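A quick write-up on the structure given underneath.
Lettering follows sequence order; numbering is per chain, from 1. All values derive from a computational prediction rather than experimental measurement.
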There are 2 protein chains.
Amino acid sequence: MARAADPDEPAGSAPRTADPDSPEARGGAAFVVTSGPPGTGRAALDRRRILGAAIEFIDSHGLSALTMRRLGAVLGVEAMALYRYVPGREQLLDGVVESVVDELYGDPDVHMEAAHGWQDYLQRLAHGVRRIALAHPELFPLVATRPPAAPWVRPPLRSLRWVESFLTALTGSGFSDESAVAAYRAYSSFLLGHLLLEVSQKGVAINAADTGEATPAVDPDLGEYPTVVRLQELLSVDESAAEFEEALENLLGRLEHVRREGRDPRDPDSFT
Amino acid sequence: MARAADPDEPAGSAPRTADPDSPEARGGAAFVVTSGPPGTGRAALDRRRILGAAIEFIDSHGLSALTMRRLGAVLGVEAMALYRYVPGREQLLDGVVESVVDELYGDPDVHMEAAHGWQDYLQRLAHGVRRIALAHPELFPLVATRPPAAPWVRPPLRSLRWVESFLTALTGSGFSDESAVAAYRAYSSFLLGHLLLEVSQKGVAINAADTGEATPAVDPDLGEYPTVVRLQELLSVDESAAEFEEALENLLGRLEHVRREGRDPRDPDSFT
DNA sequence: ACCTGAACACCGTTCAAGT
DNA sequence: ACCTGAACACCGTTCAAGT
């Protein structure tokens, strides 16, 4: 009988209280990660292992549950040991984001450079980023939202390696410098908007301060919004994949226009 | 100067200079908000006043600095007093987001319904949202990222009132139900992607766990990225306003196409 | 009716100390 | 060389108590 019965709250947002007695549970038994055969988890600590554990932890418990102490527990170590490999929690998160974005390099469907033309390249890159977003829905808001290394680096393509790859592919395919840069900007905005909303719609707590709460469910007084009510079924249909495809093709078409004109896409008749 | 909250300093734990007795200094003098003539700050506490103070606080100190205790201090009250008006910190943030989004209703340039046609309406609405984003750069990531009331509500147009307004305007202007919904989705993605990136580029710590740190500045080994180096100046030019305009007009053009065809915008020849 | 004091169960982080 | 114990300065939140 740890706590007195919750006084109210129909949708109890009660902070998860761990059994204060059990020393095992100190780090939160609910957060123990299956670590393979006994002994496996004892591997030497290093930065890569820590980042990997953090990613796994966020994927399964949400960002807000990630605590230095709990991450240590998952790795079989006290929180303080992590500071030998990572300067602090903020930098840990930066490392996690970098790590996740770098997964793209291991993606066999996304080869650098444009062997089959720039449109093919941007297609594969976009789908690679989308795969990452869907694989780490709890993490993608972080990718979208952490301050980039430089002001002109735009999430989600937030590593210089990808910016370089993008720009060389385009300038090497007939884009002027100006239009390559403009294309980078448009492409980033497109990816960020679509993927952030797709990931959010998937119902994940796309939330910087995630409470681990379930879906907020429908709303109270829908009576005031007749059109919303009438279209509710249409609104609930998930067409993300097709919409992503369509918007991507539209964007590529626009960029092709820009490329052929060889000038700035803000020019009024680039899109007439 | 004045960041008095420094928690560390190698010199060990010499007794903090701040007088622990003084109730004034408890919340951290660095966060005291000028509250007009003496006595003004003592106004009766209520939910609206609390939300307003929270918005002001986030605008000037960043999200991560917002603490129940500090917010209480700003309002001349202990943190515990806030719980009489707000269930907890998470719900405070939800209220803040709702509050900020509702600023749109007070915007004289954004009237509901489409007196001058749907394109004019979507134009004004987009610019209204953009004004909000730029007015509250520290807050916009929260608007973008908090879980919406229902899965089909898409930030940044995250109030049912605006969804209703959007959908009735479009269905009343010749859009089929399907294309009105598709337009809502495309419009949301466009706004979210562009504004999140614009706000981030403005250099604000567009950061859920903002450290109050300065800009990360340029990068280390730029030598490996020759194209980035060559285009760095172009990359640093801020063309956000023009890019927003261009992308918005392009989107509206696409939607007009969809409207005239009266069918799904995913149809392949909507955009040829 | 409205606010506070004191307390609880956490945090991130430091540092001397153990092995 | 690598990890831990203990401590510090915070958090959010509860609840009985004050006014």
Whole angstroms only, please: what is the CZ-C1' distance between A:R89 and C:dT14? 18 Å
Salt bridge or not for A:E138 and A:K202, using N-O below 4.0 Å? no
Whole-Å distance between D:dT13 C1' and B:L82 CG? 12 Å
With the side chain counted from C-beta on, respond yes when B:V77 and B:L71 share a heavy-atom pair under 4.5 Å apart, and no when they do not. no
Rounded distance (Å) that lies between atom P of D:dC8 and atom CE of A:M68: 21 Å
Is the NZ or CZ atom of A:R161 both under 6.0 Å from the centre of the six-membered ring of A:Y105 and within 45° of that ring's axis? yes
Any chance you could lay out the side chain to side chain contact (heavy atoms under 4.5 Å, CB included) test for A:L125 and A:L104, step after step, and finish with the verdict? CA-CA 8 Å; A:L125 181 54; A:L104 260 185; 3.9 Å; yes
Report the C-alpha separation of B:S200 and A:R154 in whole Å, then their side-chain angles, then the decisive distance to 0.1 Å, and conclude whether the side-chain hydrogen bond (donor to acceptor under 3.5 Å, both in side chains) test is met. CA-CA 8 Å; B:S200 135; A:R154 296 163 69 101; over 6 Å; no
To the nearest Å, give me how far apart CG (B:L66) and C1' (D:dC11) are. 12 Å
With a 4.0 Å limit, can you tell me whether B:T67 has a side-chain N or O closer than that to the phosphate oxygens OP1/OP2 of D:dG12? yes
Whole-Å gap separating P (C:dG5) and CZ (B:R69): 12 Å
Taking OP1 and OP2 of C:dC11, is either one under 4.0 Å from a side-chain nitrogen or oxygen of A:R70? yes
So what does the secondary structure string of DNA chain D come out as, 5' to 3', with Watson-Crick or wobble pairs under 3.5 angstrom, [ ] for crossing and | for pairs with another strand? ||.|||||...|||||.||
Protein-nucleotides 1-4 of chain C N/O pairs under 3.5 Å:
| residue | atom | partner | partner atom | Å |
| --- | --- | --- | --- | --- |
| C:dC3 | OP2 | B:Y85 | OH | 2.8 |
| C:dC3 | N4 | B:R84 | NH2 | 2.4 |
| C:dT4 | OP2 | B:E78 | N | 2.7 |

Residues B:R131, B:E103: salt bridge by 4.0 Å N-O rule: no
Do A:Y184 and A:L157 touch side chain to side chain, with heavy atoms closer than 4.5 Å? yes
Working note: A:R130 + A:E198, criterion salt bridge (Lys or Arg N to Asp or Glu O under 4.0 Å); need CA distance, chi angles, decisive distance, verdict. CA-CA 9 Å; A:R130 179 160 181 265; A:E198 178 166 4; 2.6 Å; yes
